[in-house]
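Start at 1 and go down the list; that is how both ligands and their atoms are numbered.
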Amino acid sequence: MKILLVEDELKVNRFIKKGLEENGFFVEVAFDGLSGVRMACTGLYDLILLDIVLPKVSGLEVCQQIREAYQSVPILMLTALGTTEDKIRGLDTGADDYLTKPFHFEELLARIRALSRRNNLESDSVVELQVDDLIINLDSKEVARGPKGITLTLREFQLLELLARNKGRVLSRVVIAEKIWDQSFDSGSNVIDVYINYLRKKIDSGHDKKLLHTVVGMGYVLRE
Ligand code: CA
């Protein structure tokens with residue numbers, strides 16, 4: 001699970017990062033609101049820990065901008081401000097939960113677990129993804145285009161699922177590499193292009209209507 005921590009106080013940032021890493025989380029950090037928004041909008045994170053009082057762009061604004069970019073990632077606000085009004089403002093801008101500093105680390109861990117559970121339950125309630133006549137069953141792992149079944153390898157299935165969950169949205173190679181292979185490839189690697197070609201042959205060849213498209217210089221998109 002990848003967490004983005006946006007916190008400007010160096011000591012607090014280090015403390016939280018270290019604690020989370022000791023509990024098996026992968027953590028990346030930002031020290032101001034501007035880089036916080038930029039990093040959050042890459043879509044690479046499973047959860048965002050967000051301080052409210054930040055340089056450049058405030059946490060409330062960061063939260064708002066993330067939601068305006070249609071990112072549904074869970075956001076947990078961390079702040080020293082603890083009045084009811086502050087909490088409501090935080091939740092109004094699209095935060096999912098709120099934790100007042102100072103807090104016990106165990107409580108932070110409990111909130112993170114609760115948010116990720118909620119998020120997983122929501123995404124797991126979707127059993128079937130559909131793009132035009134292409135149907136992907138997430139339970140049985142069966143894929144079909146029209147009446148014809150398609151056999152995919154595990155990696156191909158994961159790649160197709162990622163593209164279908166983001167139907168109509170262009171995904172860059174970096175995002176695909178991080179989500180499917182859990183690492184960044186060096187830019188010279190063509191692993192993703194190779195897998196895209198395998199997938200394209202299986203789902204598009206023999207069909208007049210193509211679903212998997214290359215957007216030159218940007219990435220790949222699955223669309224009707
Ligand atoms: Ca701060």
Side-chain angles (χ1 to χ4, degrees), residues 1-123 162 165-166 169-179 182-184:
M1 185 169 166
K2 277 186 189 173
I3 296 181
L4 172 63
L5 168 65
V6 191
E7 162 68 64
D8 59 316
E9 274 169 77
L10 190 62
K11 267 190 184 167
V12 181
N13 193 310
R14 280 204 185 131
F15 170 77
I16 297 177
K17 181 176 195 282
K18 189 164 171 279
L20 289 175
E21 285 174 345
E22 282 168 2
N23 282 276
F25 296 100
F26 182 87
V27 184
E28 283 182 6
V29 298
F31 292 92
D32 64 75
L34 198 62
S35 33
V37 173
R38 279 202 204 118
M39 288 171 79
C41 288
T42 58
L44 294 176
Y45 304 97
D46 302 299
L47 189 130
I48 295 173
L49 291 179
L50 183 60
D51 185 29
I52 290 199
V53 183
L54 288 169
K56 296 188 187 171
V57 180
S58 83
L60 292 173
E61 229 170 297
V62 170
C63 188
Q64 206 167 354
Q65 288 184 25
I66 291 171
R67 292 301 182 235
E68 278 168 5
Y70 301 106
Q71 300 284 338
S72 59
V73 57
I75 298 174
L76 175 56
M77 290 265 198
L78 298 176
T79 183
L81 309 171
T83 68
T84 308
E85 197 185 317
D86 291 322
K87 289 180 188 177
I88 292 170
R89 273 177 61 205
L91 297 174
D92 274 351
T93 55
D96 297 275
D97 201 1
Y98 197 105
L99 194 56
T100 307
K101 291 191 267 190
F103 51 80
H104 290 289
F105 207 80
E106 285 304 317
E107 185 173 7
L108 176 64
L109 291 176
R111 300 279 181 112
I112 289 173
R113 279 194 293 266
L115 276 180
S116 65
R117 230 175 3 244
R118 204 159 87 193
N119 203 41
N120 284 338
L121 286 178
E122 276 167 21
S123 50
L162 176 68
R165 280 188 189 275
N166 292 281
R169 198 164 126 198
V170 179
L171 298 180
S172 69
R173 284 182 181 76
V174 174
V175 168
I176 293 172
E178 294 244 4
K179 291 277 186 188
D182 206 28
Q183 59 178 302
S184 316

Within the structure provided, determine whether [X] and [Y] are in side-chain contact (heavy-atom separation under 4.5 Å).
{"X": "Phe103", "Y": "Leu78", "answer": "yes"}
{"X": "Asp32", "Y": "Leu54", "answer": "no"}
{"X": "Leu76", "Y": "Leu108", "answer": "yes"}

(Q) To check you understand the geometry: which heavy-atom pair defines the closest contact between Phe105 and Leu20, and what is its length? (A) CZ-N, 3.5 Å

Q) Is any protein N, O or S atom closer than 3.0 Å to the Ca ion (ligand 1), and if so, which? A) Asp8 OD1, Asp51 OD2, Val53 O

Q: For the pair Asp92 and Arg67, find out whether any cationic side-chain nitrogen is under 4.0 Å from an anionic carboxylate oxygen.
A: no

Q.
I need the single residue from Glu61, Met77, Gln65 that forms a side-chain contact (heavy atoms from CB on, under 4.5 Å) with Thr93. Which is it?
A. Met77

